[in-house]
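We name chains A, B, ... by the order of the sequence lines, and we start the count at 1 in each one. Excluded from the calculations below are hydrogen atoms, water molecules and symmetry mates; all remaining heavy atoms, backbone and side chain alike, are included.
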Amino acid sequence: MASRRRMLLKVIILGDSGVGKTSLMNQYVNRKFSNQYKATIGADFLTKEVQFEDRLFTLQIWDTAGQERFQSLGVAFYRGADCCVLVYDVNVMKSFENLNNWREEFLHQASPSDPENFPFVVLGNKIDVDSGNSRVVSEKKAKAWCASKGNIPYFETSAKEGFNVEAAFQCIAKNAIKNEPEEEIYLPDTIDVGAGGRQQRSSGCEC
Amino acid sequence: MSDSDSNPNPLENPFKSLSLNESQSIDTNEVVERSANCDSVNGIASEEEKNTVGLIRAAEAQVDESSSSGVAWRENSQYEAEDFAPSSPSSSGYAGERGSSTGTSAGPIEEVGNDGIVRADSFSNAAAESAPWVPGKRHLDEDDASISWRKRKKHFFVLSHSGKPIYSRYGDEHKLAGFSATLQAIISFVQNGGDRVKFVRAGKHQVIFLVKGPIYLVCISCTEEPYEALRGQLELIYGQMLLILTKSVNRCFEKNPKFDMTPLLGGTDAVFSSLIHSFSWNPATFLHAYTCLPLAYSTRQAAGAILQDVADSGVLFAILMCKHKVISLVGAQKASLHPDDMLLLANFVLSSESFRTSESFSPICLPRFNAMAFLYAYVHYLDVDTYLMLLTTSSDAFFHLKDCRTRIEVVLLKSNVLSEVQRSMLDGGLHVEDLPVDPSLRLGSACPHLGQDRIAPGSPNRFREVNVGIGGPSGLWHFIYRSIFLDQYVSSEFSAPLNSSNQQKRLYRAYQKLYASMHDRGNGPHKTQFRRDENYVLLCWITQDFELYAAFDPLADKALAIKTCNQVCQWVRDVENEIFLLGASPFSW
């Protein structure tokens with residue numbers, strides 16, 4: 001019964017500025033696209049409910065700013081993330097090369113308990129641009145990188161056309177459940193009046 | 001123990017030495033929008049408030065010409081969005097006490113926001129009066145995009161340090177995930193800079209932050225309550241959470257920052273909504289004191305004796321309560337109970353329906369006693385309002401405590417304690433109309449004992465003939481007396497003209513503000529304060545032994561008000577055997 005409860009997933013979207021993170025979110029959450037570029041300041045927060053295998057999920061999406069000057073926000077923003085989405089622009093080589101930095105920065109700052117198996121998803125965005133003629137990162141190359149990092153799921157998307165966006169987020173939900181920790185029984189201490197007074201401390205950290 | 005021996009000097013115009021601002025007609029009215037320059041993030045009180053502390057506010061009450069009584073009631077003041085009227089804060093919750101029609105509410109009053117928009121779900125005063133407040137979550141369909149949600153006067157949020165929602169007063173937590181993330185981002189951003197955000201002012205709204213390890217609490221309010229009061233409310237919400245889970249919950253976050261606390265709090269919405277509701281009617285939430293049900297000294301002694309008997313058999317605390325009022329309580333040697341813990345425990349028991357239906361044994365934590373660990377509470381209702389709580393450290397004490405309860409119940413029935421409790425519930429406590437005016441009358445047989453010569457409850461004519469509808473002598477409307485040594489307070493019953501729940505709530509807010517300004521660490525503490533605005537004359541007097549908060553008619557005479565306060569203190573001392581739990585109290589040292 002407990003496992004059937006609603007689950008809230010914190011999803012962090014990372015990638016260079018201008019790769020289309022906000023556009024992907026807008027397409028996914030609001031089914032809208034705009035050609036105009038507006039830089040995200042700090043982070044935007046969106047909420048989306050998804051159904052996956054008759055379970056209801058709420059995705060709490062942290063659409064972060066790609067500019068370097070916001071990187072100091074990292075620790076605060078990444079804490080307790082359930083999934084990290086790395087986005088690059090298939091038409092910009094640098095944005096692909098930076099995926100490695102984004103991934104390492106995330107693992108460093110979020111310090112998840114099991115970094116090897118932390119759920120990432122990689123999205124190669126803007127495949128619609130110039131009918132694919134200006135593309136510089138091949139699907140093969142991207143998949144090879146994903147495979148080398150512990151088989152990260154890879155999707156090619158077009159935020160403008162809404163292509164593959166839904167599928168990518170379904171995968172995010174799926175990955176997050178796989179990573180769901182086992183439910184532990186919550187069992188705090190009981191006061192032992194006999195042994196050393198009432199303000200006795202348990203072994204746990206006192207914050 | 002009793003403070004009658006240390007009888008402090010009467011309050012003989014304590015304002016003599018202070019400067020007087022007769023002509024300065026500063027408007028302290030809560031309704032009036034404050035000056036725009038109080039948008040400071042670090043400031044505590046606005047300049048204006050600072051100036052008032054310790055000064056006499058002798059500004060003439062502004063009389064509304066349309067008001068025949070000369071009392072300018074502002075019916076369109078900012079009421080908190082509450083769907084139902086708070087239940088009467090009087091001990092009995094007895095409907096007959098609110099039956100007077102002499103109040104100022106001439107007809108149904110729509111709840112109007114300050115922006116002039118009538119709230120879609122507003123209730124008329126009349127409807128609000130008759131509908132009892134029901135705990136539980138409301139407006140689940142709302143989220144931060146809903147206009148109705150944005151218009152609510154007072155929000156409370158609890159979230160984890162990763163931004164996952166734990167509790168929201170209004171709206172569905174999951175739908176507010178984005179909003180919750182924003183709050184975390186703000187808190188964490190400031191934390192990242194090695195700093196701490198206390199509050200933000202944005203126009204009429206205050207956003208108060210409280211960080212408790214991995215748990216973040218936020219209040220967003222446009223009720224104009226002082227920062228200290230709202231922060232205290234967040235502390236109590238956190239305490240309520242600890243009462244249910246203990247501070248060990250922090251370990252879950254250490255192990256796993258993704259940890260979702262909501263399942264552990266499953267089914268406790270009513271506990272939190274009831275606590276939040278009590279912020280607008282229960283003075284214990286800001287006085288940090290508890291109140292007793294008025295009882296004859298011998299009756300309370302009889303209850304205390306049997307509780308002491310079981311406490312000696314390994315029970316840590318034995319508490320007998322009637323609604324929010326204590327009948328008697330006893331603690332094991334050296335164990336002391338903080339009034340805040342009592343408030344949270346009583347709220348937990350009273351708001352959880354399941355305690356009413358059967359005897360229960362439940363793990364609970366008393367945050368001020370030991371925040372890290374659980375105790376076990378045996379809870380049993382002896383009648384519809386009266387309940388017994390036996391707290392122990394032993395998880396297998398159920399049957400022992402059940403036996404204890406049976407013994408207690410037998411004694412209470414035999415010694416008529418329960419019927420006396422019922423009677424006291426009907427009679428209520430101190431009524432300002434009963435305040436003995438002439439000191440000579442106090443001597444001899446005319447000593448005003450509680451419940452004496454009461455007009456039959458329910459009778460439409462139960463207010464004193466002399467003072468129908470205008471409160472007590474010298475325009476005294478209401479008072480709260482808090483005994484510092486006893487950690488207890490006594491509050492007079494509400495009567496005309498404080499009939500409606502909104503008027504009562506407004507008075508509590510005024511007291512709360514007075515309390516905050518008297519205890520302001522920045523330029524306090526203060527001994528006396530007298531302030532007059534168009535709603536009340538408020539008088540506060542703090543000595544080593546007690547704190548007195550009194551509300552008078554806005555046109556009340558200052559010298560008479562001061563004299564009346566002395567009479568109130570004398571009266572309280574005269575009946576202290578009946579209104580306070582004396583002697584047996586383990587918290588007095």
If one checks every heavy atom of B:Asp172 against chain A at 4.5 Å, the contacting part turns out to be side chain
Between A:Phe106 and A:Phe118, how do the two ring planes meet: parallel, tilted or perpendicular, split at 30° and 60°?
tilted
Salt bridge check, A:Glu166 against A:Arg31: does any charged N sit closer than 4.0 Å to a carboxylate O?
yes
Measure A:Ala110 against the heavy atoms of chain B and call it side chain, backbone, both or neither at under 4.5 Å.
neither
Is the distance between the ring centroids of B:Tyr378 and B:Phe361 under 6.0 Å?
no
Plane angle bin for A:Phe77 and A:Phe45 - parallel if under 30°, tilted between 30 and 60°, otherwise perpendicular
perpendicular
Check whether B:Cys252 gets within reach of chain A through its side chain, its backbone, both or neither, counting any heavy atom under 4.5 Å.
side chain
Counting heavy-atom pairs under 4.5 Å with chain B, which one of A:Ala81, A:Ser113, A:Pro112 comes out on top?
A:Ala81
Look up atom OH in A:Tyr88 and atom NZ in A:Lys21, then write down how far apart they are to the nearest 0.5 Å.
14.5 Å
So what's closer than 4.5 Å to chain A heavy atoms on B:Tyr376: side chain, backbone, both or neither?
side chain
Pair B:Phe157 + B:Tyr216: ring centers closer than 6.0 Å
no
Between B:Ala181, B:Ser188, B:Gly266, B:Ser160, which shows the greatest number of heavy-atom pairs under 4.5 Å with chain A?
B:Ala181
For B:Leu245, is it the side chain, the backbone, both or neither that has a heavy atom under 4.5 Å from a heavy atom of chain A?
both
Heavy-atom pairs under 4.5 Å with chain A, option from B:Thr262, B:Asp260, B:Val249 with the top count
B:Val249
